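Data block below; observations after.
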Number of protein chains: 2
Amino acid sequence: MRLGDGVEWALHCCTVLGALPPEQTIPSSVLAEFHGVPSAYLAKQMQALSRAGIVQSVPGRNGGYKLARAADDISILDVVLAVEGPEPAFRCTEVRQQGPSAVAPARYVKPCGIAAAMWRAEEVFRQELDATTLGDLVSELDTGVDPEQTEKAIIWLSQRLGPATTPVNTPEKS
Amino acid sequence: MRLGDGVEWALHCCTVLGALPPEQTIPSSVLAEFHGVPSAYLAKQMQALSRAGIVQSVPGRNGGYKLARAADDISILDVVLAVEGPEPAFRCTEVRQQGPSAVAPARYVKPCGIAAAMWRAEEVFRQELDATTLGDLVSELDTGVDPEQTEKAIIWLSQRLGPATTPVNTPEKS
DNA sequence: CTATATCCGGATATGTAGTATCCGGGTTAT
DNA sequence: ATAACCCGGATACTACATATCCGGATATAG
């Protein structure tokens, strides 16, 4: 049981996207350099997010990505499912129907208890992920992150972003 | 995010082990044929279960596997961890510490909110799996499985098992 | 209109899970 | 005592998923 690296990257990228002004776009390459991850592979994750309707792509010069909806309306689960795919982690291969002791397939009305227990666990897993939104993660940046870190990130991004409709907003709620 | 097939097989095997008399042993090859799965790979999963102390191997003629403890003292989580490994599904690569905006590593005292949320979800996932025991799965066989299926399985196993200390017990609680 | 910067999709490598086969060590029934 | 049987580990091979790279399409800025 393993989660791909793309999930972590996508979540970090969505977090910075949520911290920027709503209409500010940021190229995939800048996101990659910012996080120190290979830009080609991150681009693929961003495409998956785009297909899922989580981010919106703006082509052409000074284009890039931005969140497609409000950060509070996007849960971590949405991002995970978009990147990792919607299939459940546990695949029931209906092993009961194989082997010498199998009976007619039509008689297997209820799923076996094993698959049921697995899917139950996966359900609470998803519910927990669905309870946290990108907005929560963004808010946490103000409280949990070193101010020096934040400042350093802001000036680095400001240099590298095209002339936005609004400049990068420093948190004002302090 | 994907769980290996071995998890399913191991759970099914442990369930039939739990349905048998406590001292009855079954060879790995019989378990494989019973479920219609490749015996070589199932043997690997059984070894993992043995190392984890979930099943006990009995060598020699008429040997095989049996549960190492009572079925009620073995949770689904135990089996999953034994087969799949104890590592968490989400690996935080501390992407914050890379890239141009990183500060001194010592300043990262708290784990990032992303990893925290992921681990929280994984924790409830494991709690849910830990709440169901092999004993529960065995009990469910009596209620949820077609009687014809059960009978067919019993006679097939009886033919193939060496002279046990006690014969295969048909459920008596009906 | 041209050039640049960006997204998008297919093609390529690398790694991990799954499969099959073999031999040695140890234990039990005959 | 002997032979049959079973686990345990090592090895080699295949298939699939993950990770990576590169060229084409497209829209904007000047």
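Proteins come first, then strands; the chains are lettered A, B, ... in the order of their sequence lines, and each starts at number 1. Every value quoted in this text rests on a predicted model; they were computed, and no experiment measured them.
Counting any heavy atom pair closer than 4.0 Å across all strands shown, B:Ser50 reaches sugar-phosphate atoms only and no base atom. Using a 4.0 Å heavy-atom criterion, one finds that B:Gly6 contacts no nucleic acid atom at all. At a threshold of 4.0 angstrom between heavy atoms, the contacts of A:Ser28 are confined to the sugar-phosphate backbone, with no base atom among them.
Ring geometry for A:Phe125 against B:Phe125 counts as perpendicular: the plane angle is over 60°, on a 0 to 90° scale with 30° as the lower cut. Between A:Phe90 and A:Trp119, the ring planes lie perpendicular to each other; the angle is over 60°, past the 30° to 60° tilted range.
Residue whose closest nucleotide on DNA chain C sits further toward the 5' end, between A:Arg51 and A:Met1: A:Arg51. Residue whose closest nucleotide on DNA chain D sits further toward the 5' end, between A:Ala40 and B:Arg2: B:Arg2.
Looking at heavy atoms from C-beta onward, B:Leu129 lies in side-chain contact with A:Met118 at the 4.5 angstrom threshold.
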Worked verdict on A:Asp78 versus A:Ser75 for side-chain hydrogen bond (donor to acceptor under 3.5 Å, both in side chains) = CA-CA 5 Å; A:Asp78 296 329; A:Ser75 73; 3.2 Å; yes

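Dashed line: the shortest gap from a side-chain N or O of A:Gln47 to OP1 or OP2 of C:dG9 is under 4.0 Å. OP1 or OP2 of C:dC8 has at least one side-chain nitrogen or oxygen of A:Ser57 nearer than 4.0 Å. Between B:Tyr41 and D:dT14, a side-chain N or O to OP1/OP2 separation shorter than 4.0 Å is absent.
Straight-line distance from the CG atom of A:Leu3 to the C1' atom of C:dT16: 16 Å, rounded to whole Å. Distance, B:Arg61 CZ to D:dC7 P: 14 Å, rounded to whole Å. A:Lys66 has its NZ atom 16 Å from the P atom of C:dT6, to the nearest Å. For A:Asn62 and C:dC7, the CG to P distance is 11 Å, given to the nearest whole Å. Between the CG atom of A:Asp5 and the P atom of C:dT14 there is a distance of 17 Å, rounded to whole Å. Taking atom CG on A:Leu49 and atom P on C:dC8, their separation rounds to 11 Å, with Å as the unit. As rounded to whole Å, 15 Å separates atom C1' of C:dA5 from atom CG of A:Leu31.
Of all the heavy atoms in B:Met1 and A:Arg91, the pair that sits closest is O-NH1, 4.0 Å.
The side chain of A:Trp9 approaches D:dT20 more closely than any other nucleotide in the set D:dC5, C:dG18, D:dT20.
Of the listed residues (B:Leu11, B:Asp136, B:Asp130), just one forms a side-chain contact (heavy atoms from CB on, under 4.5 Å) with B:Ile76, and that residue is B:Leu11. If you run side-chain contact (heavy atoms from CB on, under 4.5 Å) between B:Leu17 and each of B:Leu134, B:Leu31, B:Ile54, only B:Leu31 comes through.
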Check the interface with nucleotides 10-13 of chain C: list each N/O to N/O pair with the protein under 3.5 Å, or write none.
unit_1 : atom_1 : unit_2  : atom_2 : d
C:dG10 : O6     : A:Lys44 : NZ     : 3.1
C:dA11 : N6     : A:Lys44 : NZ     : 3.3

